[in-house]
Engineer: 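Next up is a structure, given as structure tokens.
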Amino acid sequence: MEPMERSGMSATLRTVKEALTTEGCREGDAIRIRGWIRTRRDSKAGLSFLQVHDGSCFDPIQVVASGDLENYESEVVRLGTGCSVECEGTLVASQGKGQSVELQAVRIIPVGWVEDPDTYPVPAKRHTFEYLREVAHLRVRTNTFSAMARVRHCLAQAVHRYFHENGFYWVHTPIITGSDCEGAGEMFRVSTLDFENLPRTEEGIIDTAQDFFGRETNLTVSGQLNVEAYCLALSKVYTFGPTFRAENSNTSRHLAEFWMIEPEIAFADLADDADLAEDFLKSIFRTLLDELPDDMGFFRDRIDKTCIDRLEAFVESSFERMDYNEAIRLLEEAVAGGEKFDYPVSWGVDLQSEHERWLTETHVGRPVVVMNYPRDIKAFYMRQNDDGRTVAAMDVLAPGIGEIIGGAQREERLDVLDARIAEMGLDVSDYWWYRDLRKYGTVPHAGFGLGFERTIAYATGMANVRDVIPFPRTPRTADF
RNA sequence: UCCCCUGUAGCUCAAUUGGUAGAGCGAGCGGCUGUUAACCGCUAGGUUGCUGGUUCGAGUCCAGCCGGGGGAGCCA
């Protein structure tokens, strides 16, 4: 990185992280750092302390500004929370408590002022997450949101690294999709038609043939169907990208725009799928614990004191496997034994959140993979089991969150798939290319979906997925 | 979409049966201090979400609308 022309500083540029770690710097080094001021504390006896952060690590660096600095009275004492600065000096052992080293500055150059500190939206005080969502462009300057950004990055890198090291290819499935192949969930229309003057057919309906793609198009609700095509040539693949649902869901676990991870493996059955899910989740959480102890320590201290213990237990545990039949039997026994649920339990119903939590938290005490669900409550593409009433679907349930992964072995037999499409009232012609995959060299294959924001929320203890994505999109909210 | 809660200073919240709108934090200024959730003093800061209604009088009661939160459903 080139030194900024205006600074005229010549000392080696370091990140705050490098300055604070022995791998990066040693005491006595002449260095230069750049960043934003979190707080300034003055000693009128003749020096000031600036806490400067640059995003490279959780801790800020303390910059000691002596009154001897030529711009001390004119500029340094006017620097406050939010100002950007470039500082040059010597790395020294700290005389105070709270940090081992600090930067004894010989030059401090203000780069960007906060013109009116009274209006700065994120002064150094406590804020509610609800308020900070209204200033999402500045909330990343807080401890919580800068830590969140690093955790998010770390987990994203861990996802890619896990798959890459295990022979998976990252497949960029389309964001814009034809409407009729995806089925699940309300979708966002993609169109360049003039809303003020919509073209209509002779029958009076909107003429989508005149739209940009010559047909109705939407934003994707899942890359699964597309990634299956690549799976049946590359063997091990995954998607990791934005996903869109136009559902009017107003909860702490839903976003209109979120990121989803969907691996797909060929020559694999449901048991292979469950094994992959277990290995994958443990791997990315292990990486997070290893690589970001400071940020995770913050989440433990200020957000959720159990988050690290929970992840440690998660990565050390072995997942229980259990058939849906068995899960229902256990739940019915629990009810007979006096356990109270809001929703009744019987074979054929989908498990409610309270049922999932009981299984994984109370009964097993570890993550649980529930497998082979009734066919009537699952999607058309899931593989029919020989019993004629279940499909090879699975959910991974984890203590503290419930369902974290949903997956299935896919129906690879064309005749069975066609029968299912017909049974569910879907138009078989919409699935022509998906059916081709079964006509030409079909193989058993399986995959699962993982919501990235829910994963981050689980890892950090953050209660709302709106606070683990930089600029959340929810019903009636698309600011920034 | 349904149920519940909620909207007062930049932020977090008070304000008795309807009777002159307050505090803490933050900000500015001053004091003090190798400080670090600093501390002490002073100052500024309000059409109580919007519209209408009841009343001598509404932050308070009523209706509608808008925004926020929690839960449910849907799901990831």
Side-chain angles (χ1 to χ4, degrees), chain A residues 38-52 59-67 77-78 80-82 92-99 102 104 114-135 138 142-143 183-186 220-224 239 242-262 301-302 342-343 350-354 356 377-379 395-396 401-407 448-458 463-469 474-477 479:
Chain A
R38 185 155 281 143
T39 61
R40 188 197 81 232
R41 294 180 296 274
D42 295 332
S43 165
K44 280 292 190 289
L47 72 164
S48 294
F49 302 92
L50 306 176
Q51 296 287 347
V52 177
D59 288 319
I61 188 170
Q62 174 157 282
V63 175
V64 182
S66 146
V77 297
R78 291 170 47 225
T81 305
V92 299
S94 180
Q95 299 174 34
K97 297 189 174 81
Q99 61 280 318
E102 62 193 16
Q104 184 68 49
V114 172
E115 296 296 345
D116 181 3
D118 197 35
T119 66
Y120 185 57
V122 284
K125 70 180 292 286
R126 290 184 182 281
H127 301 283
T128 60
F129 293 141
E130 292 79 13
Y131 166 72
L132 289 169
R133 280 174 216 149
E134 298 172 7
V135 289
L138 294 169
T142 65
N143 281 330
E186 291 296 311
T220 183
V221 295
S222 166
Q224 181 202 313
T239 72
T243 309
F244 307 88
R245 303 271 168 95
E247 307 283 358
N248 189 12
S249 296
N250 296 287
T251 81
S252 59
R253 285 169 292 283
H254 289 84
L255 293 164
E257 176 183 285
F258 64 100
W259 287 60
M260 189 155 61
I261 299 153
E262 298 172 289
D301 294 341
R302 298 298 182 89
D342 290 338
Y343 289 84
D350 206 359
L351 297 181
Q352 295 295 319
S353 193
E354 58 178 349
E356 297 174 339
I377 59 173
K378 291 293 181 182
D395 284 346
V396 179
I401 189 173
E403 180 184 337
I404 189 170
I405 276 180
F448 62 80
L450 173 69
F452 191 48
E453 285 72 23
R454 289 182 182 180
T455 306
I456 299 168
Y458 178 68
N464 196 314
V465 290
R466 295 168 194 177
D467 298 323
V468 300
I469 191 168
T474 56
R476 295 176 303 281
T477 306
D479 299 329

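In what follows, chains carry the letters A, B, and so on, assigned in the order in which the sequence lines appear, proteins first and then strands, with residues in each chain numbered from 1.
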Engineer: Pick base, sugar-phosphate or nothing for A:Glu130, based on heavy-atom distances below 4.0 Å to the nucleic acid.
Structural biologist: sugar-phosphate
Engineer: Between B:U36, B:G73, B:G26, which nucleotide gets closest to the side-chain atoms of A:Gln62?
Structural biologist: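 Looking only at heavy atoms from C-beta outward on A:Gln62, the closest nucleotide is B:U36.
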Engineer: Using heavy atoms to find the nearest nucleotide of RNA chain B for A:Ser249 and A:Asn464 separately, return the residue whose nucleotide is more 5′.
Structural biologist: A:Asn464
Engineer: Taking NE2 from A:His254 and P from B:G69, how many angstroms apart are they, rounded to a whole number?
Structural biologist: 15 Å
Engineer: How far, in whole Å, is B:U1 from B:A38 if one measures between their P atoms?
Structural biologist: 44 Å
Engineer: Within the 4.0 Å heavy-atom criterion, would you say A:Glu453 contacts the bases, only the backbone, or no part of the nucleic acid?
Structural biologist: nothing
Engineer: Base, sugar-phosphate, or nothing for A:Arg253, non-hydrogen atoms under 4.0 angstrom?
Structural biologist: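 The residue A:Arg253 makes base contact.
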Engineer: Contact class for A:Leu255 (heavy atom, under 4.0 Å): base, sugar-phosphate, or nothing?
Structural biologist: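 If one applies the 4.0 Å heavy-atom cut-off, A:Leu255 turns out to touch a base.
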Engineer: Using side-chain heavy atoms (C-beta onward) and a distance below 4.5 Å, is A:Tyr120 in contact with A:Thr81?
Structural biologist: yes
Engineer: Please report, rounded to the nearest Å, how far the C1' atom of B:G69 is from the CZ atom of A:Arg476.
Structural biologist: 12 Å
Engineer: Output the distance between atom OG1 (A:Thr477) and atom CD (A:Glu134), rounded to the nearest 0.5 Å.
Structural biologist: 10.0 Å
Engineer: Got a second to check how far A:Thr455's OG1 is from A:Trp259's CH2, nearest 0.5 Å?
Structural biologist: 14.0 Å
Engineer: How many whole angstroms separate atom CG of A:Asp42 from atom C1' of B:C29?
Structural biologist: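 Distance check: A:Asp42 CG to B:C29 C1' gives 13 Å.
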Engineer: Going by modelled atom types, is there a donor-acceptor pair between the base of B:U1 and the side chain of A:Glu247 at under 3.5 Å?
Structural biologist: no
Engineer: Would a 4.5 Å heavy-atom cut-off, applied to side chains only, mark A:Gln62 and A:Arg41 as touching?
Structural biologist: yes
Engineer: Determine the contact category for A:Gln104: base if any of its heavy atoms lies under 4.0 Å from a base atom, sugar-phosphate if only primed atoms, P, OP1 or OP2 are that close, otherwise nothing.
Structural biologist: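 Contact class for A:Gln104: base.
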Engineer: Measuring only the C1' atom in each nucleotide, how far is B:C42 from B:U55? A whole number of Å is fine.
Structural biologist: 42 Å
Engineer: To the nearest Å, how far apart are A:Arg126 CZ and B:G10 C1'?
Structural biologist: 18 Å
Engineer: Just compare B:G69, B:U33, B:G28 and give me whichever is closest to any side-chain atom of A:Arg466.
Structural biologist: B:G69
Engineer: Could you work out the separation of B:G59 and B:U20 based on their P atoms and round it to a whole Å?
Structural biologist: 10 Å
Engineer: In whole Å, what separates the C1' atom of B:A15 from that of B:G24?
Structural biologist: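 Their C1' atoms lie roughly 15 Å apart.
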Engineer: How would you label the contact of A:Gln99 with the nucleic acid (heavy atoms, under 4.0 Å): base, sugar-phosphate, or nothing?
Structural biologist: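 The residue A:Gln99 makes base contact.
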Engineer: Does a distance-only test, which skips hydrogens and angles, find a donor-acceptor pair under 3.5 Å between the side chain of A:His127 and the base of B:C11?
Structural biologist: no
Engineer: With sugar-phosphate meaning primed atoms plus P, OP1 and OP2, does A:Gly406 contact a base, only sugar-phosphate, or nothing at under 4.0 Å between heavy atoms?
Structural biologist: nothing
Engineer: Using OP1 and OP2 only, check whether a side-chain N or O of A:Gln352 sits under 4.0 Å from B:G73.
Structural biologist: yes
Engineer: Work out which heavy atom in A:Gly223 is nearest to a heavy atom in A:Thr239; give both atom names and the distance.
Structural biologist: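 What the structure gives for the nearest pair is O-CG2, 4.3 Å.
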Engineer: From B:A72, B:G69, B:G34, pick the nucleotide closest to the side chain of A:Arg133?
Structural biologist: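 Per side-chain heavy atoms of A:Arg133, the pick is B:G69.
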Engineer: Without decimals, in angstroms, what is the distance between A:Leu351 CG and B:C75 P?
Structural biologist: 13 Å
Engineer: What is the distance, rounded to the nearest whole Å, between atom CG of A:Leu132 and atom C1' of B:G68?
Structural biologist: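 It works out to 14 Å between those atoms.
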Engineer: Nearest to the side chain of A:Thr81 - B:G68, B:A27, B:G34?
Structural biologist: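 My answer, after comparing the listed nucleotides, is B:A27.
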Engineer: Scan A:Glu403 against the nucleic acid and name what it touches under 4.0 Å (heavy atoms): base, sugar-phosphate only, or nothing.
Structural biologist: nothing
Engineer: Let me confirm one number: the CG-NE2 distance from A:Leu132 to A:His127, rounded to the nearest 0.5 Å.
Structural biologist: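 The CG atom of A:Leu132 sits 6.0 Å away from the NE2 atom of A:His127.
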Engineer: A:Glu102 versus A:Val92: any side-chain heavy-atom pair under 4.5 Å?
Structural biologist: yes
Engineer: Identify all stems in which RNA chain B takes part, counting only runs of at least 3 consecutive pairs (Watson-Crick or G-U wobble, each distance under 3.5 Å), and give each as one range with another, ordered by first number.
Structural biologist: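 If one scans RNA chain B for consecutive Watson-Crick or G-U pairs, the stems found are B:1-7 with B:66-72, B:10-13 with B:22-25, B:27-31 with B:39-43, B:49-53 with B:61-65.
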Engineer: Any non-hydrogen side-chain atom of A:Ser66 less than 4.5 Å from a side-chain atom of A:Gln104?
Structural biologist: yes
Engineer: Taking the C1' atom in each of B:C61 and B:A23, what is the distance between them to the nearest angstrom?
Structural biologist: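 Rounded to whole Å, the distance is 27 Å.
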Engineer: Nearest 0.5 Å please: distance from the CE atom of A:Met260 over to the CD atom of A:Gln224.
Structural biologist: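 Going from the CE atom of A:Met260 to the CD atom of A:Gln224 covers 8.5 Å.
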Engineer: Just checking A:Thr243: base, sugar-phosphate only, or nothing, at a heavy-atom cut-off of under 4.0 Å?
Structural biologist: nothing
Engineer: P atom, B:C39 versus B:U48: distance in rounded Å?
Structural biologist: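 Pairwise P distance, B:C39 against B:U48, rounds to 32 Å.
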Engineer: Report yes if the side chains of A:Leu255 and A:Thr474 come closer than 4.5 Å at any heavy-atom pair, otherwise no.
Structural biologist: yes
Engineer: On RNA chain B, check which nucleotide each of A:Tyr131 and A:Thr39 is closest to and give me the residue with the more 5' one.
Structural biologist: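 Taking each residue's closest nucleotide, the earlier one in sequence belongs to A:Tyr131.
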Engineer: Please classify the nucleic acid contact of A:Thr477 as base, sugar-phosphate, or nothing, using heavy-atom distances under 4.0 Å.
Structural biologist: sugar-phosphate
Engineer: Just to be sure I understand the rule, does A:Asn250 reach a base, reach only the sugar-phosphate, or reach nothing, if contact means heavy atoms closer than 4.0 Å?
Structural biologist: base
Engineer: Under 4.0 Å, counting only non-hydrogen atoms across every strand here, what does A:Phe49 touch: a base, just sugar-phosphate, or nothing?
Structural biologist: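 Counting heavy atoms under 4.0 Å across all strands, the contact made by A:Phe49 includes a base.
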Engineer: List the atom of A:Val465, the atom of A:His254, and the distance in Å for their closest heavy-atom pair.
Structural biologist: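 Of all heavy-atom pairs spanning A:Val465 and A:His254, the closest is CG2-N, 3.7 Å.
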Engineer: Roughly how many Å is it from NZ in A:Lys125 to C1' in B:A9, rounded to a whole number?
Structural biologist: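 Rounded to whole Å, this separation is 12 Å.
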Engineer: Which value, in whole Å, describes the distance between the C1' atoms of nucleotides B:G22 and B:A9?
Structural biologist: 10 Å
Engineer: Between B:U12 and B:A21, how many Å separate the two P atoms, rounded to a whole number?
Structural biologist: 23 Å
Engineer: Give A:Tyr458 one of three labels, base, sugar-phosphate or nothing, depending on what nucleic acid heavy atoms sit under 4.0 Å from its own.
Structural biologist: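 No contact at all - A:Tyr458 keeps every heavy atom at 4.0 Å or more from the nucleic acid.
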Engineer: What nucleic acid atoms does A:Ser252 come within less than 4.0 Å of, heavy atoms only: base, sugar-phosphate, or nothing?
Structural biologist: sugar-phosphate
Engineer: Rounding to an integer number of Å, can you tell me how far A:Arg41 CZ sits from B:A27 P?
Structural biologist: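 Distance check: A:Arg41 CZ to B:A27 P gives 13 Å.
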